Each structure stands twice: as C-alpha cells, then as structure tokens.
Amino acid sequence: MGWRAMKGFLALGVGLLVLGGAAWGETGGVVLALSGGGTKGFAHVGVIQVLERAGIPVAGIVGTSMGSIIGGLRAAGYDGASLEEVVRGIDLPALLDDRNASSSANGEVHSLFRRTFDRRGRSTGPLGIMEGKHLLSTLHQLTAQVREGNFDDLPIPFVAVATDMETGETLLIRRGSLASALRASMAIPGFFEPWPVEGRMALDGGLVANLPVHIAKEVFPGYPVVAVDVSSALQPASRLRNAVEVFDQSTAIMTRQGYLDNLRAADLVIRPAVGDRPMLESGHVGEIVALGRQAAEQELSGLLRLAAAAPPVPPRPARADRTVAAVRVEGLSPVTGAFLEHSYSSWVGRPFDAVAVLDACETIKERDDVGVVEYRLEDAGVGQVAVVLQVHPAPDVEIRVGGYTSNLAPERWLAVEGVQRGVWAEGDILTSELRVGEDWGAGLHYFAPVSGFRRMEYYLEARSETVTPHGMDREAWDRYVAGVRRFFWRDGMEIGWGIVGERVEYGGETQSAWGPKVSLSWSTLDNPDDPTEGVRFQGNLWWSNLDALLWTADMLWVQPWGAQSRLLLSGGVQGGDASSPAHAAYLGGPKDLFHLASTPWRGERSAWVRLGIRRMLWESVLLGPIYGDLFVTRGALFDEDWDEVASPWEAGLALAVPGKLLGGRVLVIYDGDGNVTFGFELGSDFRRREIIP
C-alpha cells in the first residue's frame with residue numbers, strides 16, 4: 001500500500017474519529033474477542049460490518065494476532081467499510097518482504113544467508129525469517145490518527161494479546177504505541193522476530209490465548225462476549241502443503257485445550273467458514289470478508305438478543321486535538337538524541353501532527369545504525385501529549401552472504417559482507433566486503449559517528465576486472481582505490497564530496513591519479529528493490545588529476561498503470577576515457593543492454609534509455625511476486641565530440657522474481673542484429689558499478 005493511499009486512509013480515519021460518538025447506540029453492547037488466524041482474520045471485517053448495520057454497539061475489543069490488527073484498527077476509529085478498503089489495499093507479499101540490503105556505500109548484497117551477533121560475538125539472530133519492518137511502518141501509517149497513549153481512551157477500548165518470550169506469560173498491552181502493540185501481538189514464532197514491548201520481548205498472542213474470551217470477560221466485566229473464531233481446523237496430513245501450514249497445524253494442536261476452554265466460555269460464537277484456508281493467503285480478500293459477513297448474519301438473531309439484555313455502552317467523550325508538550329528520543333546516544341529533540345522541537349506547543357511524526361521516523365530510519373523507528377504518545381496533562389521517538393538500533397555485527405550467476409556474462413562470484421557497529425566510538429560503522437570469483441574484489445569502509453545528518457567516510461577498495469569489448473581482445477586490470485568523503489542526507493536525498501586516489505595496473509604499466517569527487521542521489525521510490533511508484537536519480541563526478549572529468553548519471557521513474565501493472569522508464573549517461581579500459585564508458589549489462597553483457601561496447605561517452613511494462617502474474621507470500629516484463633532499450637555510443645558511433649537496441653520479455661533472497665529473472669531478447677538470446681541471471685550484479693565515479 002503506497003504512502004499516498006495511506007494519507008487518504010488517515011484523512012478518512014480522522015473523519016471517523018470526529019463522528020465516533022454517533023456510533024454508540026441506546027441498546028446494550030457486546031465485547032468482541034477476535035482470534036488469530038493469519039489472513040483468515042480478514043473475516044473479522046465482515047463480522048464488524050454486520051454489527052454496524054444492525055446497530056449493535058461494541059463496548060470493547062480484545063484481539064490476538066490478526067484479530068488484534070483488525071480489532072485495533074476498529075478501536076482506533078475505522079468503520080467496517082474503511083476496514084475492508086484497507087485489507088483490500090494491502091500488498092501482503094510486499095508487507096512481509098524484509099530483504100536485507102547492504103549498509104555499504106558500495107552497493108547492495110541481497111543475502112541468501114544472514115547472521116547477527118552482539119559485541120561479545122554471541123549470536124543474536126535472526127530470530128525469525130522476517131523482521132517485520134514494513135509491517136510496523138504500515139501499522140504506524142494506519143494508526144497515525146490515534147491521539148491517545150492509553151488504549152482505554154480510544155473510540156472503543158482495546159486490548160492486544162501477546163506472549164512473553166522468556167516466561168510464557170500472557171501480555172495484555174493496553175498503552176503505548178498502538179502500532180507496536182499490534183506488531184507484538186502478531187510476532188508469529190519463526191516467521192516474525194520477537195518484538196520489544198514494555199521492557200519484554202513479545203511473541204504472537206496465539207500461543208497463550210488464540211481466542212481471548214476469558215481475557216475479554218476479565219477486562220470488560222458485565223458485558224456479553226462474542227467470540228469470532230477464524231482459527232484453523234485440524235487438517236489431515238495430506239492437506240498440509242508447506243511449512244506455514246505445518247506450523248499453523250502444530251500451534252493449533254499445542255493450544256487446543258486452552259482454545260476449547262475459551263470457546264465454551266463465550267456467550268456467542270461466530271465461526272466464518274475459513275478454517276481450511278491457508279494461514280497466509282495473498283488473494284481472495286473479498287471472499288474472506290464476505291464469509292465473515294455470512295457467518296455473522298446467520299447469528300444475527302442471537303447477537304440482537306445479547307445486545308438487548310446487555311448493559312448500555314456509555315457515550316465516549318468528544319475527541320479533540322492534543323497539543324505536543326515535549327519531544328523525546330530514546331535508543332540513540334545522548335548527543336544524537338539531543339540533536340534530534342532539538343530538530344523537532346518546533347512540534348512543541350502545536351497540535352499533534354501524525355504525518356510530520358511519521359516523516360520524522362522515516363528520516364531517522366535512513367541512518368545506517370538504526371534498525372526500526374517507531375513512536376508512542378504519553379499523556380502529559382489535560383489536552384497534552386509527549387511524543388516519544390523510539391529507535392531500535394541495528395545489530396552490533398552482521399554477516400551476509402550473496403552471489404551472482406548468469407549465462408549472459410562470463411562472471412560468477414560469491415560475495416560475503418560484514419558490518420560492525422560501535423567499533424571505536426558509539427555510532428561508528430565498519431563494513432567489509434569480499435567477492436570471490438573470476439574477478440575478485442575487496443573493500444573496507446569506515447563511517448564515523450553521525451553528526452546531525454552528516455558523517456565522514458574513509459575507504460579502501462581493490463578489485464580485478466575483466467572485459468571483452470565488442471570487436472576487441474580481452475582486457476584485464478587491477479584497481480586500488482583510497483578515498484575520504486563527507487556526505488549529508490535528508491528526506492531521500494544524499495549529497496557527498498571528497499578526495500579519491502587510485503592506482504591502476506594494466507598491461508604491465510601502472511597509472512595513478514587523484515582528484516575531488518562529488519556524488520548526488522535522490523529517491524522517492526516506495527520500495528528500492530521492487531518499486532511501484534516514485535523516482536530515483538544517481539550521479540557521480542570525479543575530476544581526475546584536476547584534468548579530466550569522469551562522470552555517470554542514471555535515473556528510474558515508476559508509475560502505476562492499472563491495478564496489476566506499472567510503467568518503468570530508466571536511462572543513463574556516462575562520460576569516460578576510451579584510452580583507458582578502467583575509465584572507458586561501457587554500454588552493455590543489466591542496467592542497459594542485456595544482450596551485450598559479455599561483449600560490451602566501449603567508447604568515450606555512452607547513453608541508454610529503457611521503457612518497460614511490468615505486470616503482476618502471480619503473488620506468493622513466501623516467494624514474493626512474480627512479474628512479466630515487456631521492455632525495449634535503445635543505446636548509443638559516442639566519441640569525444642558527441643558524434644554517435646554505434647546505436648544498439650533490444651526488445652525482450654522477462655519473467656522477473658525480485659524475491660526475498662537473491663532475486664533473478666529469465667529473459668528472451670531480440671536485438672538490432674536480428675539475434676534471439678535466451679538468458680537468465682540470479683543475484684546481485686556488481687559489473688559496471690564502478691568505484692570511480
């Protein structure tokens with residue numbers, strides 16, 4: 001779900017909150033106990049819709065896992081129609097996609113393997129397949145209209161159920177960050193990493209109370225409890241098709257006795273016919289919601305009888321904007337925390353602005369020593385709140401393993417990257433990279449502690465490179481680089497400047513050069529790996545020996561086109577030195593012309609542009625989306641006077657799988673020479689990712 005759509009939901013949510021008091025009828029109310037069940041929990045939306053149409057007030061909600069998410073959003077002010085709009089708009093595979101890109105300034109290594117450690121070398125994870133960063137960010141956006149730090153003060157009082165990972169005790173989350181509470185309640189063991197809440201590490205609430213009827217009766221005494229059960233029915237072994245379904249079945253078996261006890265305690269049970277559906281299903285949302293409506297309508301007479309005999313629901317007080325009394329930052333060093341508190345001190349004395357706070361969270365998250373940023377509101381007097389920006393630091397040490405292979409290019413390699421934080425000072429970072437293959441590479445980057453939104457970088461790199469240009473013999477060289485730069489970033493833009501020196505060994509000769517380098521990048525892409533909309537620009541310029549300018553620039557523009565398609569326009573230009581193979585402008589590779597990857601064109605200047613149409617073909621929660629791509633690419637090679645000397649082009653079809661691990665694609669390409677090429681690639685390609693520029 002895009003941020004633009006989220007802003008629309010926030011506006012809708014604010015309107016619902018203003019009208020919150022009108023939803024409370026004169027009849028008695030019921031309490032909802034909403035069970036977990038993965039995407040089967042979308043059926044809760046249909047039940048809520050039937051209650052609204054029947055005019056039955058809800059006195060309180062207790063939710064577990066997905067029941068917590070749907071219940072928490074309803075408690076925050078979303079009505080049944082807007083809830084259905086939300087769940088229909090959620091891109092579940094993207095929501096669960098937490099691919100780990102490298103922190104190195106040198107590029108991205110999508111990891112096939114990842115381990116994290118503390119400073120003593122003890123393994124700390126990963127503790128789940130997914131970190132849930134995108135899930136938390138989406139929940140923050142959806143709950144941004146919330147002005148309360150106590151869930152009893154929401155339009156409908158709410159409790160999220162989670163499990164203490166250390167003791168196995170039940171955690172009832174009733175205050176703090178609503179988004180964090182929902183994330184904690186859905187921390188499915190093995191899939192999502194445990195989540196810190198109230199000083200404890202939380203797991204999915206389904207481990208202790210997947211159908212939280214007893215909790216609902218305890219927290220909201222005197223009201224009848226309506227249990228909405230979307231938990232999985234036990235399936236025969238022949239119907240268990242993957243690890244997710246085996247986990248779902250195992251959890252159902254282990255918690256069955258507690259589930260049955262809660263089931264018997266309910267005053268009325270609504271059981272949508274979703275028990276045999278997959279735990280994580282990316283499609284058929286409308287069908288699942290409809291099954292919830294159907295089940296609730298079948299129990300409507302019983303619901304009306306319960307409400308008629310129940311105590312009335314007292315009217316909720318009118319909700320007004322709350323003024324920010326203070327801003328605090330937790331989780332960073334005192335110096336950095338004080339700087340950020342000062343940066344956002346303009347909020348103090350003004351009405352709480354959720355969009356501004358979310359933007360601040362996204363900005364702070366750009367720091368490479370930060371893992372996740374969330375916020376919570378704390379009461380600070382009548383009509384006032386304190387905004388607390390809670391920063392969860394990135395792991396002390398990370399090790400990632402990735403690689404690349406393709407039949408379109410001769411190179412194959414395995415890449416290993418290490419990241420260590422807090423090496424010599426709090427907030428500094430040391431990254432190292434080793435690439436093993438026909439062409440080897442190694443790099444060491446040290447990032448000094450952040451000062452505001454600025455920091456220094458010092459780096460050493462070495463690599464061997466081999467290329468067989470079009471119509472030329474094979475050439476190879478070794479390159480060694482040392483550099484220092486200072487860079488500034490804010491709101492998706494990064495600007496860097498510094499000094500770079502290099503040594504190139506080629507054909508028995510050695511050439512050395514140095515000079516200032518400037519870099520600029522700017523991005524509004526909603527997802528850097530699999531964007532659905534936005535723009536990205538990157539540019540580099542190096543003034544070699546204060547004599548020759550070497551430069552590159554490229555861009556990507558992505559625009560949605562219908563529900564399942566998008567347009568992609570990309571292009572780039574490069575200015576080099578054709579007399580040096582290490583500094584020449586090349587045309588040929590995955591960024592421009594695929595079919596020229598093994599024999600790229602070489603010259604003084606190059607340019608290319610690609611227009612593509614990407615359409616979703618299939619979507620899997622575990623594997624991610626699979627796309628069909630139709631593209632055409634036009635390239636051009638120029639001499640030093642910008643006279644065109646070659647104009648290759650290609651058109652092709654591809655089956656692309658960005659993937660949660662390495663990612664890749666298979667292609668069929670028709671080029672300007674009339675050749676048809678079948679190809680594939682898997683992993684992160686380092687070619688043409690030049691050290692200089």
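What you see is a predicted model; the values in this text were computed from it and never measured.
The shortest side-chain heavy-atom distance between Leu304 and Leu300 falls under the 4.5 Å cut-off. Within the 4.5 Å cutoff, no side-chain heavy atoms of Leu340 are placed close to those of Leu389. Considering only heavy atoms from C-beta on, Ile288 stays 4.5 Å or farther from Val285 through its side chain. In this structure, the side chains of Arg328 and Gln390 stay at 4.5 Å or more apart for every pair of heavy atoms. Between Val388 and Leu377, the closest side-chain pair of non-hydrogen atoms is not below 4.5 Å. Looking at heavy atoms from C-beta onward, Val373 lies out of side-chain contact with His392 at the 4.5 angstrom threshold. Within the 4.5 Å cutoff, the side chain of Leu178 has no heavy atoms near those of the His140 side chain. Taking the side chain as every heavy atom from C-beta outward, Leu136 and Trp195 approach each other to under 4.5 Å.
Of the candidates Val31, Ile48, Ile156, Val58 forms a side-chain contact (heavy atoms from CB on, under 4.5 Å) with just one, namely Ile156. The one candidate from Val45, Val47, Val50 that meets the side-chain contact (heavy atoms from CB on, under 4.5 Å) condition with Arg293 is Val50. Each of Thr64, Leu171, Thr163 was scored for a side-chain contact (heavy atoms from CB on, under 4.5 Å) with Val208, with one residue passing: Thr163.
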Practice prompt. Check step by step if side chain to side chain contact (heavy atoms under 4.5 Å, CB included) holds for Ile364 and Tyr344.
Written response: CA-CA 12 Å; Ile364 297 171; Tyr344 301 116; 4.2 Å; yes

Passes side chain to side chain contact (heavy atoms under 4.5 Å, CB included), Val159 versus Ile61? Steps please.
-> CA-CA 6 Å; Val159 178; Ile61 300 175; over 6 Å; no

Would you sort out whether Leu135 and Phe192 count as a side chain to side chain contact (heavy atoms under 4.5 Å, CB included), showing the intermediate values? CA-CA 10 Å; Leu135 173 61; Phe192 286 119; 3.8 Å; yes

Would Asp379 and Arg322 count as a salt bridge (charged side-chain N to carboxylate O under 4.0 Å, His left out) if you check the C-alpha gap in whole Å, the side-chain angles of each, and the deciding distance to 0.1 Å? CA-CA 10 Å; Asp379 291 331; Arg322 307 183 76 185; 2.9 Å; yes

Between Val226 and Ile270, is a side chain to side chain contact (heavy atoms under 4.5 Å, CB included) present by the stated rule, with each step listed?
CA-CA 7 Å; Val226 175; Ile270 298 175; 3.8 Å; yes

- Task: For the pair Glu299 and Arg305, evaluate salt bridge (charged side-chain N to carboxylate O under 4.0 Å, His left out) and give the outcome as yes or no after the intermediate values.
- Result: CA-CA 10 Å; Glu299 301 291 342; Arg305 284 195 299 271; over 6 Å; no

Take Arg88 and Glu84, measure what salt bridge (charged side-chain N to carboxylate O under 4.0 Å, His left out) needs, and give me the verdict at the end. CA-CA 6 Å; Arg88 283 180 179 272; Glu84 182 169 0; 3.0 Å; yes

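Nearest heavy-atom pair, Pro224 versus Gly29, reported as atom, atom and distance to 0.1 Å: CD-O, 3.6 Å. Between Pro157 and Ala59, the closest heavy-atom pair is CD-O, 3.6 Å. Smallest separation of non-hydrogen atoms from Val228 and His44: CG1-ND1, 3.2 Å. The two residues Arg376 and Gly176 come nearest to each other via the heavy atoms CB-C, 3.9 Å. Between Asp229 and Pro272, the closest heavy-atom pair is O-CD, 3.5 Å. Scanning both residues, Gly41 and Val230, for their nearest heavy atoms gives CA-CG2, 3.8 Å.
Checked for salt-bridge contact, Arg183 and Glu193 miss the test: no charged N lies under 4.0 Å from a carboxylate O. A salt bridge does not link Arg175 with Glu378: none of the charged nitrogens is closer than 4.0 Å to a carboxylate oxygen. A salt bridge is defined here as a Lys NZ or Arg NE, NH1 or NH2 lying under 4.0 Å from an Asp or Glu carboxylate O, and Lys365 with Glu362 meets this definition.
Heavy atoms of other residues, nucleotides or ligands lying less than 6.0 angstrom from CZ of Arg350 number 12 at most.
Proximity of a side-chain donor or acceptor of Ser185 to a complementary backbone N or O of Ala181 within less than 3.5 Å is not detected. At least one donor-acceptor pair closer than 3.5 Å links the side chain of Gln49 to the backbone N or O of Gly80. At least one donor-acceptor pair under 3.5 Å links the side chain of Tyr78 to the backbone N or O of Leu142.
Side-chain contact of Ser180 with Glu374: a donor-acceptor pair under 3.5 Å is present, judged by distance alone.
Here the CG atom belonging to Asp526 is positioned 5.5 Å from the CD atom belonging to Glu533, to the nearest 0.5 angstrom. Remark: Leu303 CG to Glu297 CD distance equals 11.0 Å, nearest 0.5 Å. Rounded to the nearest 0.5 Å, atoms CG (Leu34) and CG (Leu211) are 9.0 Å apart. Here the straight-line distance linking atom OG of Ser231 with atom CE of Met66 works out to 14.0 Å at 0.5 Å rounding. For the atom pair Glu330 CD and Tyr375 OH, the distance stands at 15.0 Å (nearest 0.5 Å). Taking OG from Ser35 and CG from Asn262, the interatomic distance works out to 10.5 Å, rounded to the nearest 0.5 Å.
Ring geometry for Phe158 versus Phe151: interplanar angle of 30 to 60°, hence tilted.
Each side-chain hydrogen bond (donor to acceptor under 3.5 Å, both in side chains) pair with one or both residues in residues 201-227, not counting sequence neighbours, appears once here: Ser65-Asp204, Lys217-Asp267.
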